[in-house]
2 protein chains.
Amino acid sequence: MAKTDRFGYKISMSMLLQKCTEAGLKITDQRKVILKVLEESEDHPSVETLCERARQVDSSISIATVYRTLGLLNELGLVLKHDFKDSSARFEVDHGHHYHLVDTETGQVVEFQSEELVALINKIAADLGYQMVDHTFEMFGHKLKK
Amino acid sequence: MAKTDRFGYKISMSMLLQKCTEAGLKITDQRKVILKVLEESEDHPSVETLCERARQVDSSISIATVYRTLGLLNELGLVLKHDFKDSSARFEVDHGHHYHLVDTETGQVVEFQSEELVALINKIAADLGYQMVDHTFEMFGHKLKK
DNA sequence: GTGCTTTTTGCGAACCATTCGCATAAACTT
DNA sequence: AAGTTTATGCGAATGGTTCGCAAAAAGCAC
Ligand SMILES: [Mn+2]
Ligand SMILES: [Mn+2]
Ligand SMILES: [Zn+2]
Ligand SMILES: [Zn+2]
């Protein structure tokens, strides 16, 4: 279960309200629905998939709005965008740093964390004389047969 | 200087001739030009850029052929395709495993190797019960100011 | 609530990297 | 050289994503 704020809102929803307000952006039903639907998704849906799910809540939501909203949520730091080598981008609510291993046989996405990896990456950047601002890392593989 | 085979061909060109022959593919001027031009590129050109460079050698080369040839060279394992978050893909002749750090201020691509990173990645996959078949890793950052 | 201003939405069109179909051309085989 | 196969160039199609615009909704001030 995701954490909630003192009003019972999920944290990401609470952040949406706060960030929109302080940036002079309007809080629309579409934005709330799209964020909520993404929050409740257990996978890493594409824009198309997310739009279908959002339309089950509000059938008038257009795909252009889903694109624009995901772009906005991404800028606000609430949503992450990934490239899993599909033709289209995949999204998820940012729930803390983690990486992805895509099972090339099933398409399933395994999430994992590795402090060791984070530390090594930062060390590599520093050794090269760089301040890292972002990085992408995805693994592709299949289950080990024994 | 890239290594050459006993006939003086660069290794990648030599491999092209060999792999095409054994796969029943034809060795065309276009394929040779495109591979040679990419071999001589010191950067990681886009299809568009590579096509321009190839056209300086043979002005009739079409961009469709550049796309098809890069796809082929990639399948043959001679060429690598990268996603540096640009709108378009970037290519290079495979010259041994290395990673990329893209300078977000200059666009410059810094190459680096890290045995430690390779080892850690393989360990992570194995710990998850997976056989890794591929992975992508790119860093984005800017020079450290002191 | 009513207005008034600003932002957002839905729609369809545009964009643009990449892929395709097809007729012609070039490469390989005999 | 002739025959067969594969590759090329061209322009059209594709498909994910972005844009322009008029209409709708949100926020703000009475
Ligand atoms: Mn509404
Ligand atoms: Mn020729
Ligand atoms: Zn995830
Ligand atoms: Zn490189």
Side-chain angles (χ1 to χ4, degrees), chain A residues 13 16-38 44-52 54-76 78-91, chain B residues 13 16-38 44-52 54-76 78-91:
Chain A
M13 188 60 68
L16 174 66
L17 305 182
Q18 183 194 314
K19 295 222 172 188
C20 281
T21 303
E22 72 189 36
L25 300 169
K26 291 175 176 171
I27 298 162
T28 64
D29 291 352
Q30 288 89 337
R31 288 176 179 171
K32 287 188 284 188
V33 168
I34 291 166
L35 178 59
K36 183 165 192 288
V37 167
L38 185 56
H44 296 77
S46 65
V47 171
E48 189 76 32
T49 300
L50 187 53
C51 187
E52 281 164 21
R55 275 203 234 254
Q56 284 170 238
V57 179
D58 174 349
S59 65
S60 72
I61 290 178
S62 79
I63 195 159
T65 295
V66 179
Y67 271 105
R68 283 185 287 228
T69 301
L70 288 170
L72 174 68
L73 296 174
N74 182 242
E75 274 172 31
L76 295 180
L78 300 179
V79 159
L80 299 175
K81 180 179 182 178
H82 300 291
D83 173 17
F84 290 163
K85 289 191 174 169
D86 282 275
S87 49
S88 53
R90 308 291 219 83
F91 296 84
Chain B
M13 188 60 67
L16 173 67
L17 305 181
Q18 183 193 316
K19 296 223 170 185
C20 281
T21 303
E22 71 189 39
L25 300 169
K26 293 177 177 170
I27 298 161
T28 64
D29 290 352
Q30 289 89 336
R31 287 176 178 172
K32 288 189 285 189
V33 168
I34 291 165
L35 178 59
K36 183 165 192 289
V37 167
L38 185 57
H44 297 76
S46 64
V47 171
E48 188 77 30
T49 301
L50 186 53
C51 187
E52 282 165 20
R55 274 204 234 255
Q56 284 170 240
V57 180
D58 174 349
S59 66
S60 73
I61 290 177
S62 80
I63 196 159
T65 295
V66 180
Y67 272 104
R68 284 185 287 230
T69 301
L70 288 170
L72 175 68
L73 296 174
N74 183 241
E75 274 172 30
L76 295 180
L78 301 179
V79 159
L80 300 175
K81 180 178 182 177
H82 301 290
D83 173 16
F84 291 163
K85 289 191 174 168
D86 280 276
S87 49
S88 53
R90 308 289 220 85
F91 297 84

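Lettering of chains follows the sequences in order, A, B, ..., and the numbering in each one begins at 1.
- Looking at A/Lys36 and A/Val33, their side chains never come closer than 4.5 Å, going by heavy atoms from C-beta outward.
- One atom, CG of A/Leu76, and another, P of C/dT7, lie 15 Å apart when rounded to the nearest Å.
- If you measure from atom CG of B/Asp29 to atom C1' of C/dC28, you get 14 Å, rounded to the nearest angstrom.
- Looking at heavy-atom distances under 4.0 Å, A/Arg68 makes contact with a base.
- Nearest to the side-chain atoms of B/Ser88 among the listed nucleotides C/dC20, C/dT6, C/dT18 stands C/dT18.
- Positionally, the nearest nucleotide of DNA chain C for A/Lys26 lies more toward the 5' end than for the other of A/Lys26 and B/Lys26.
- Dashed line: the shortest gap from a side-chain N or O of B/Gln30 to OP1 or OP2 of C/dA27 is not under 4.0 Å.
- Aromatic ring centres of A/His44 and A/Phe84: separated by under 6.0 Å.
- Here the OG1-CZ distance, from A/Thr69 to A/Phe91, works out to 11.0 Å after rounding to the nearest 0.5 Å.
- Nearer to the 5' terminus of DNA chain C, by closest-nucleotide assignment, is the contact made by B/Ser87 (compared with the other of B/Ile27 and B/Ser87).
- Between the A/Arg55 side chain and the A/Ile61 main chain, a donor and an acceptor come within less than 3.5 Å of each other.
- Residue A/Ser62 places no side-chain N or O under 4.0 Å from the OP1 or OP2 atom of C/dC11.
- A straight line from CG of B/Leu50 to P of C/dA17 spans 15 Å, rounded to a whole angstrom.
- A 4.0 Å heavy-atom criterion places the boundary nucleotides of DNA chain D facing chain A at D/dG16 to D/dG27, written 5' to 3'.
- Checking B/Asp86 against B/Ser88 by side-chain atom types alone, no donor-acceptor pair falls below 3.5 Å.
- Heavy-atom contacts from other residues, nucleotides or ligands closer than 6.0 Å to NZ of A/Lys85 number more than 12.
- Remark: B/Ser46 is not in phosphate contact with C/dA17, judged by side-chain N or O atoms under 4.0 Å from OP1 or OP2.
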